[in-house]
Amino acid sequence: MEGRPEDDSELFARAQRGEAAAYEEIVRRYQQLAFRTAYMITGSAAEAEDAAQDGFMKAYSALDGFRSGAPPRPWLLRIVANEARNRVRSTQRRLGLELRLAEGFRPGDAAPSPEAASVAAEDRDRLLRFVNALGEDDRLVITSRYFLELSGEETAAALGIPEGTVKSRLARALARLRAKLEEATRG
Amino acid sequence: MAELEQQLTTLGAGLDWPPTPDLAGRIHLPASRGGGAQRRWGGASSIYVERRWTLAAVAVLIALAALAAYPPSRDAIANWLNVHTTIQRVPHLATPSPQPPGPLGERLGLGGRTTLAGARKQVAWPIALPSSLGQPDEVYLQLPPDGPLQGEVTLVYSSRPDIPISGETGVALLVTEARGAVDTNFFGKMLGPGTTLEDVAVAGHQGYWIAGAPNVFFFTDVNGDVRNETMRLATNTLILDEGGTVVRIEGNLTKAQALQVAASLG
């Protein structure tokens with residue numbers, strides 16, 4: 001089909017055959033996801049940039065180990081996230097990630113569900129404040145699943161934990177967040 | 001989807017992430033993967049352009065040039081930095097500086113101290129010894145998870161004739177060995193400004209002479225995973241693929257000295 005974006009498996013197959021242009025397209029396709037995942041882990045844009053860049057280089061070098069037909073996103077995310085964690089370990093500091101809402105953001109623009117649109121600006125700010133205040137494990141799993149919209153498998157790869165742990169960790173994180181919100185509403 | 005989860009998804013769409021850098025535009029790959037056709041890096045054949053490091057290096061050079069200038073400039077710089085100390089020009093390098101406290105292995109991240117016999121018991125591969133240097137003064141072993149699969153052995157030579165001590169380490173030479181293979185894809189990343197790479201051959205083995213001060217080293221371990229390690233001495237370095245073992249010889253030694261050490265490995 002003319003003009004149809006090439007699917008991931010075709011791109012990876014070409015990259016595995018040594019076509020540099022195919023791998024450059026993979027980087028283009030996934031650089032935002034890789035960078036944001038690394039940013040979530042390092043809390044630093046500069047570290048995230050280096051981690052994502054090094055991650056892509058390592059993935060390129062390890063392409064032979066990529067199983068044909070396997071989903072590429074978890075594979076790439078695992079490599080980039082490992083790189084990000086290594087950087088956090090080597091610098092022995094972890095910056096607290098504090099996510100902010102984009103200026104002028106209106107939910108109706110991005111996700112026009114009536115339920116979402118009804119969330120008042122003040123409530124959104126408060127929700128984000130509570131997410132930012134969660135413990136690291138809770139914050140990472142919520143950021144992965146809802147802010148980066150990773151699947152369970154991708155979240156597991158990004159966080160370096162089994163998929164089953166993602167589910168239980170997410171359930172606990174949501175319960176804690178819900179409790180905080182209810183407490184704030186009551187107070 | 002429950003209400004809270006819906007709210008979180010909506011919130012995610014409106015987050016102010018830092019701008020994504022153009023990584024695709026910055027990573028230049030060789031036309032084909034693998035093979036030894038493109039081993040030279042730099043300029044158009046570079047796989048990796050580290051713009052930030054280049055800019056940082058330029059900034060450091062400018063700052064150093066300013067510091068080396070006249071006393072009024074040095075005082076002015078001290079004032080800008082709110083550092084109320086006198087910056088003095090050192091006419092020649094001190095030899096060697098006092099060593100910082102702590103065991104050598106810890107300071108250089110070499111792992112646990114052991115003996116040659118102890119290391120040989122713990123790794124399943126033959127440790128190559130450069131006979132031209134005699135017995136190492138200290139031996140360190142780094143095992144997983146901090147070290148690569150099958151471990152990494154570092155031989156420390158504190159002083160040897162005609163080889164200066166490196167910086168504040170009190171060490172003249174380090175010979176580091178691990179099972180794996182050199183990954184030429186990463187040479188672009190290893191080579192900073194003023195660092196050059198040259199292919200060499202030692203007793204039939206492929207080698208790479210890096211002159212300058214490389215800070216990082218990449219290789220592929222036996223599992224096929226790429227590892228990056230900090231160069232401990234940041235000095236001239238000879239890297240060898242020695243029959244499945246990657247040998248790294250670091251020190252303030254000349255290429256001829258390094259090749260002589262490498263040729264005596266056995």
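Bear in mind the structure is a predicted one, so any value in this text is a computation, not a measurement.
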Taking side chain as everything from C-beta outward and backbone as N, CA, C, O, which of these in [X] sits under 4.5 Å from a heavy atom of chain B? Side chain, backbone, both or neither.
X: A:Ile142; answer: side chain
X: A:Phe147; answer: both
X: A:Glu149; answer: side chain

Ranked by heavy-atom pairs below 4.5 Å to chain B, first place among A:Ile79, A:Val131, A:Leu174, A:Ile26 goes to A:Leu174
Counting heavy-atom pairs under 4.5 angstrom with chain B, the leader among A:Arg28, A:Glu25, A:Gln31 is A:Gln31
So the salt bridge (charged side-chain N to carboxylate O under 4.0 Å, His left out) pairs with at least one residue in residues 166-177 of chain A (sequence neighbours excluded) are A:Asp137-A:Arg169, A:Asp138-A:Arg176
Ring geometry between A:Phe66 and A:Phe12 (parallel below 30°, tilted from 30 to 60°, perpendicular above 60°) = tilted
Practice problem: Evaluate the ring planes of A:Tyr60 and A:Tyr23, with Trp represented by its six-membered ring, and classify them as parallel (under 30°), tilted (30 to 60°) or perpendicular (over 60°). | Solution: tilted
**Q.** Donor on one side chain, acceptor on other, B:Gln7 and B:Glu3, under 3.5 Å
**A.** yes
Could you check whether A:Arg73 pairs with A:Asp8 (Lys NZ or Arg NE/NH1/NH2 to Asp/Glu carboxylate O, under 4.0 Å)?
no
